[in-house]
Structure formats: C-alpha cells, structure tokens
Protein chains: 2
Amino acid sequence: MFKVDNMHRPRSILLLPQHEHDPCSSCAARGYSVCSAIDDKDLGRLAATAIVRDIAKGETFIEEGDSASDFFNVTRGTVKLYKLLPDGRQQVTGFAGAGHFLGLAVSNTYAFSAEAIEPTRVCRFSRPKLRELLHDFPALEERLLQTACNELVAAQEQMLLLGRKTARERVASFLVNRLETAMPCAGPTDSVALPMTRSEIADYLGLTIETVSRTFSRFKAEKRITTPSNAEVVILDRPWLSGVAAGLQ
Amino acid sequence: MFKVDNMHRPRSILLLPQHEHDPCSSCAARGYSVCSAIDDKDLGRLAATAIVRDIAKGETFIEEGDSASDFFNVTRGTVKLYKLLPDGRQQVTGFAGAGHFLGLAVSNTYAFSAEAIEPTRVCRFSRPKLRELLHDFPALEERLLQTACNELVAAQEQMLLLGRKTARERVASFLVNRLETAMPCAGPTDSVALPMTRSEIADYLGLTIETVSRTFSRFKAEKRITTPSNAEVVILDRPWLSGVAAGLQ
DNA sequence: CAAAGCATTTGACCTGGATCAAGGAGCCAT
DNA sequence: ATGGCTCCTTGATCCAGGTCAAATGCTTTG
C-alpha cells in the first residue's frame with residue numbers, strides 16, 4: 001500500500017557523499033518547512049531522526065483524541081485536518097501541503113484528525129526525538145513558534161470567515177487564499193489547483209456541497225472564473241474576487 | 001488618560017527589599033501566565049523590562065493593521081480580541097483574561113484589535129526587549145510555544161463551533177467553556193461571570209444579539225440556568241449543557 | 001462500450017436564525 | 001424621583017442557505 005521512494009534507489013550510502021542520499025537534503029519541501037531552521041551540515045542528524053512514510057489517498061493517519069505520540073512534516077501531497085461532532089458533522093480546520101508541520105499540540109492527545117486527500121508523504125518524528133532536536137537546535141524552536149503564530153493568524157482569519165462572511169464571500173476568500181498561499185512554487189499564474197472535493201471545501205467553509213457548487217456556478221456565469229476541470233479553477237477577475245473576499249461589493 | 005499604578009506608590013525602591021515593590025513578584029496573574037517560566041530570582045529583570053499600564057473600559061489599545069511594536073500580558077480585567085470587516089461586521093476571536101499573552105504574531109502588524117471590556121491592567125513589552133528576554137530565558141520561549149499551541153487548539157474548537165454548531169449548541173459551549181477555562185481561581189461553583197455584553201457574546205459566537213438573548217431565555221425556561229444579573233449566569237444542569245455543547249441531545 | 005459508482009450540478013421547497021420593531025429594565029447624573 | 005441613557009428581551013416577519021430530490025457528467029471496471 002505504501003511506496004517508499006528510497007527503496008527504488010540503490011542503497012550505496014557508503015560510496016557517495018552523505019547528502020546525495022539524505023532524504024532531507026533533497027527534500028523539495030525543505031525551503032518552506034520548519035526544517036529550514038537547521039543548517040545543511042546538520043541535515044544528516046535531521047534525516048536520521050525522521051522516518052519517511054507514504055500515505056495513500058483517503059487514509060487517516062492522525063485520529064482526534066488518540067495519544068499524540070508523533071509529529072509530522074508533510075513533504076508531498078495534501079492533508080485535510082478536521083474535527084467531528086458525534087452525529088457526523090465535520091469541520092475542516094485546514095489543508096496542509098508540503099512544508100506544513102502537524103501535531104503542534106502540547107496536550108497528550110491530538111486535537112484533530114488528519115487524512116491524506118491525495119498521495120502524500122510525511123516525515124514522522126517521535127515526541128522524544130523532537131524534544132532532543134529542539135534541545136540541540138534552538139533555532140528550530142524559534143521556527144516552530146513562528147509557524148504556530150502564523151497558524152494562529154490564519155485561524156483568526158478563518159473565524160472571521162465562519163462567523164461573519166456570506167457564502168459568496170467565503171468561496172471568494174477560499175479561492176484568493178489558495179492563490180496566495182497554497183502555491184508558493186508556481187509562477188504568477190491565476191490557476192488554482194483544488195485537490196479536495198466540493199464536500200471538503202464545504203466542510204472547510206461551513207457550508208453545504210450544494211451552496212459551494214451554486215456559488216462556483218454563479219462566479220462562472222458572471223465570468224469571474226472558469227473551471228477547466230473539477231480540480232482546477234482559473235481566476236479571471238482577481239481584483240474583484242479579492243474585493244468580495246474582503247467583504248466589499 | 002492612562003493611570004500607571006506605580007506612580008501612586010512611594011518610590012522607596014532603594015529602602016526596601018526589591019521584591020516588595022517589584023510588580024511581578026506580587027502579580028496575581030503570575031501563576032497562569034508565561035511569566036511562570038521565569039525563576040523568582042530573575043523577576044526583577046522581568047519587572048524592569050515590563051511597563052505596567054491601566055486601560056479604561058472601552059479603550060482599544062491594539063488596532064488591527066497597526067505596526068506591532070509591543071507585546072502585552074493581561075494581569076487584571078478582560079480584553080476582547082476582534083477583527084472587523086469594512087462594513088462593520090465584527091468577529092470576536094477571543095476574550096483574554098488575567099495571564100493571557102497578547103501579540104503572538106510574527107508579522108510586523110497586528111492581526112486583530114484589542115479592547116478592554118472592563119478596567120484592565122497589562123504589562124507591556126517592546127519587541128526588542130521581549131527578544132532580549134527570549135534570548136536570556138530559553139524557558140520563556142518554550143512557554144510561549146506552549147501557549148501558542150493551546151490557543152491553536154482553542155481556535156480549532158471555535159472553528160468547529162462557528163462552522164457546524166447550532167445556536168443552542170454555541171451558547172451551551174460558551175457557558176460550559178467559561179466555567180472550565182475562565183475561572184481557574186474560583187472554587188467548584190457553577191456560577192459564570194460574563195463581563196461582556198450580549199452583543200460581544202453574539203460577535204464571539206457568530207450570532208445576533210437577539211438569538212443569544214432568546215437562547216438564554218429558553219435555557220432559563222427549561223430550568224438549565226438562572227441569571228441573577230445580566231453579568232452572571234448560574235448553571236443548574238451542567239451535564240445536560242455539556243451534552244448540548246458537544247452536539248448531543 | 002456498457003454498466004456501475006461516484007462527484008457534481010441544478011431545481012423546488014423549507015427553516016433556523018437574521019432583521020425589523022417595540023417595549024422593558026437597570027443605571028447614572030441631575 | 002426623573003429624565004435620558006444604554007442594554008436587554010420579546011414578538012412578527014423575512015430570507016440566505018439548508019434540505020430533499022433529480023438529473024448529468026466523469027471514471028473505473030468488466
């Protein structure tokens with residue numbers, strides 16, 4: 001079920017300079033992630049601490065309430081973070097892409113569940129190992145604090161969205177946000193990838209599938225966006241969408 | 001406009017043991033706040049870094065978007081944290097009581113506004129001074145990270161509330177939450193103090209004043225709570241309220 | 001390529017909570 | 001006390017978005 005990429009490469013770790021085979025030094029997510037707090041020379045140490053794991057689409061690898069034994073760093077794919085009510089109502093609290101650090105909770109149990117919504121790869125750190133790392137690399141702790149603060153700001157913005165924005169404003173915010181934050185690598189395009197389903201978007205925005213779909217349709221009819229496929233949106237009128245997202249218009 | 005308490009005391013700092021006049025060693029909020037990460041012997045250093053300031057009810061002392069030059073620690077009173085949309089819609093993202101640390105944002109500008117909803121006292125730290133403190137007391141940084149994580153967990157819980165709970169569930173959650181978290185000092189009473197107005201509760205729960213009021217009235221009619229005054233609620237049936245808050249019943 | 005199985009779209013209708021509109025009730029300052 | 005606040009409650013009505021119900025694709029598999 002899981003494919004670990006390293007298995008497909010010759011394991012000649014003794015013959016080549018270490019960094020050639022160190023999963024961290026070649027990690028595409030390194031630039032955005034908390035790992036950037038660690039110098040190249042110490043990457044070997046980081047690689048030795050982390051366990052790379054591939055996660056299939058649809059697999060839940062963190063369950064709310066479970067004992068929080070590990071921390072994760074997403075290096076590929078996308079993860080949906082969510083909370084459930086006993087009757088099945090779901091609130092998606094965020095989507096975590098490459099570079100995102102998961103498990104930032106002091107408590108002994110996870111406060112949310114996490115499910116891969118496309119083939120995903122994570123680095124896993126056990127709690128004691130992370131503690132060691134934090135002790136040895138104070139810069140890492142500072143970086144984690146930064147990360148936590150940024151997430152806090154994003155969470156407050158999401159509370160504003162959920163508590164006070166209309167359906168139109170929510171969907172516009174979502175699209176603009178995806179364009180701004182989810183695509184640090186892509187060029188100055190106005191194309192947004194949507195690896196999640198309409199249902200997951202709805203659960204993220206506090207709406208229903210039908211309302212999300214209708215709002216997309218209205219934006220299309222008004223020539224503000226086009227949808228080449230269900231998993232892709234092209235933004236035609238970004239200033240207007242930004243205005244709607246901010247609560248104007 | 002601002003009353004600094006120290007000005008009202010004789011400045012005999014040279015004549016008495018330092019801790020007698022050190023605002024930190026006698027601070028009621030010290031136990032709950034990030035300051036508990038600092039040893040008693042270093043409290044003088046902390047006191048020298050912080051500037052105590054009293055804030056009148058209704059005064060906004062942090063404005064969203066302003067340059068984030070200072071950090072605050074609430075030591076008395078209650079602060080409302082909120083975000084605004086251009087047309088005046090307001091989302092309260094939290095209420096900060098004694099011990100709460102404000103300004104946990106890496107960015108150069110504040111991500112929210114803060115207004116005292118009752119007479120409040122804060123300790124103010126300038127950004128460079130806090131940076132010095134963090135450098136000298138690594139335990140403080142760890143404590144801040146813990147704090148940030150706890151707030152993140154609370155924020156996710158609030159997203160679930162705003163995105164998926166009914167008005168009844170929201171109000172029940174609010175009351176139960178107040179009982180659990182806002183009163184660490186009080187005994188095992190079922191009385192909840194509400195220093196905020198109905199309007200502020202509504203803006204916190206993503207509802208209107210009217211809905212909050214009607215929901216309180218219904219809980220009263222069902223003998224689940226009583227309201228000795230507008231600023232106080234006594235919970236009569238806590239298990240039931242907890243159930244409603246969790247989405248059962 | 002047909003059939004099954006989803007995810008998505010669209011339409012018709014319904015409802016929880018918003019909006020609009022009076023009244024009460026506490027709280028100063030005069 | 002009394003007038004003038006502001007905050008809170010309650011009632012009547014409305015509507016944005018939810019719910020229910022059918023299509024309509026879009027993949028996948030045989």
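Each chain gets a letter, A, B and so on, in the order the sequences are listed, and its residues count up from 1. Values below: all heavy atoms of this structure, side chains included; hydrogens, waters and symmetry mates excluded.
Comparing A:Arg164 and A:Ser217, the nucleotide of DNA chain C nearest to each residue sits closer to the 5' end for A:Ser217.
Put simply, A:Arg198 has a side-chain N or O that comes within less than 4.0 Å of OP1 or OP2 on C:dT9. Taking side-chain N and O atoms only, B:Thr211 has a distance below 4.0 Å to OP1 or OP2 of C:dA18. OP1 or OP2 of C:dA18 lies within a sub-4.0 Å distance of a side-chain N or O belonging to B:Thr208.
At the heavy-atom level, B:Thr166 lies under 4.0 Å from the strands shown only through sugar-phosphate atoms.
In this structure, B:Arg218 places its CZ atom 14 Å from P of D:dG11, rounding to the nearest Å. As a whole-Å value, the separation of B:Lys57 NZ from D:dC7 C1' is 10 Å. When the P atom of C:dT8 is taken as reference, atom CG of A:Asp203 falls 12 Å away, rounded to whole Å. Separating the CG atom of A:Leu207 from the P atom of C:dG16 is a distance of 18 Å, rounded to the nearest angstrom. Distance B:Ile201 CD1 to D:dC7 P: 13 Å, rounded to the nearest Å. Taking atom CG of residue B:Asn230 and atom C1' of nucleotide C:dA25, one finds them 8 Å apart after rounding to whole Å. Atom CD1 of A:Ile209 is separated from atom P of D:dG18 by 11 Å (rounded to the nearest Å). Between the CD atom of A:Glu232 and the P atom of C:dT8 there is a distance of 15 Å, rounded to whole Å.
A salt bridge is absent between A:Glu210 and A:Arg214; no separation between the charged side-chain nitrogens and carboxylate oxygens falls under 4.0 Å. Between B:Glu222 and B:Arg168 a salt bridge is recorded (basic side-chain N to carboxylate O distance below 4.0 Å).
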With side chain to side chain contact (heavy atoms under 4.5 Å, CB included) as the test, would you mind laying out the steps for A:Gln90 and A:Lys80 before giving the verdict?
-> CA-CA 11 Å; A:Gln90 178 171 141; A:Lys80 161 179 93 169; 3.1 Å; yes
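The side chain of A:Glu210 lies closest to D:dC20 when the candidates are C:dG17, D:dC20, C:dT9.
In this structure, A:Phe174 and A:Tyr204 have perpendicular ring planes: the angle between them is above 60°, well past the 30° mark. The aromatic rings of A:Phe72 and A:Tyr110 lie tilted to each other, with the angle between the two planes from 30° to 60°.
Side-chain atoms of B:Arg214 come within donor-acceptor range of the base of D:dG11, with a qualifying N/O pair under 3.5 Å.
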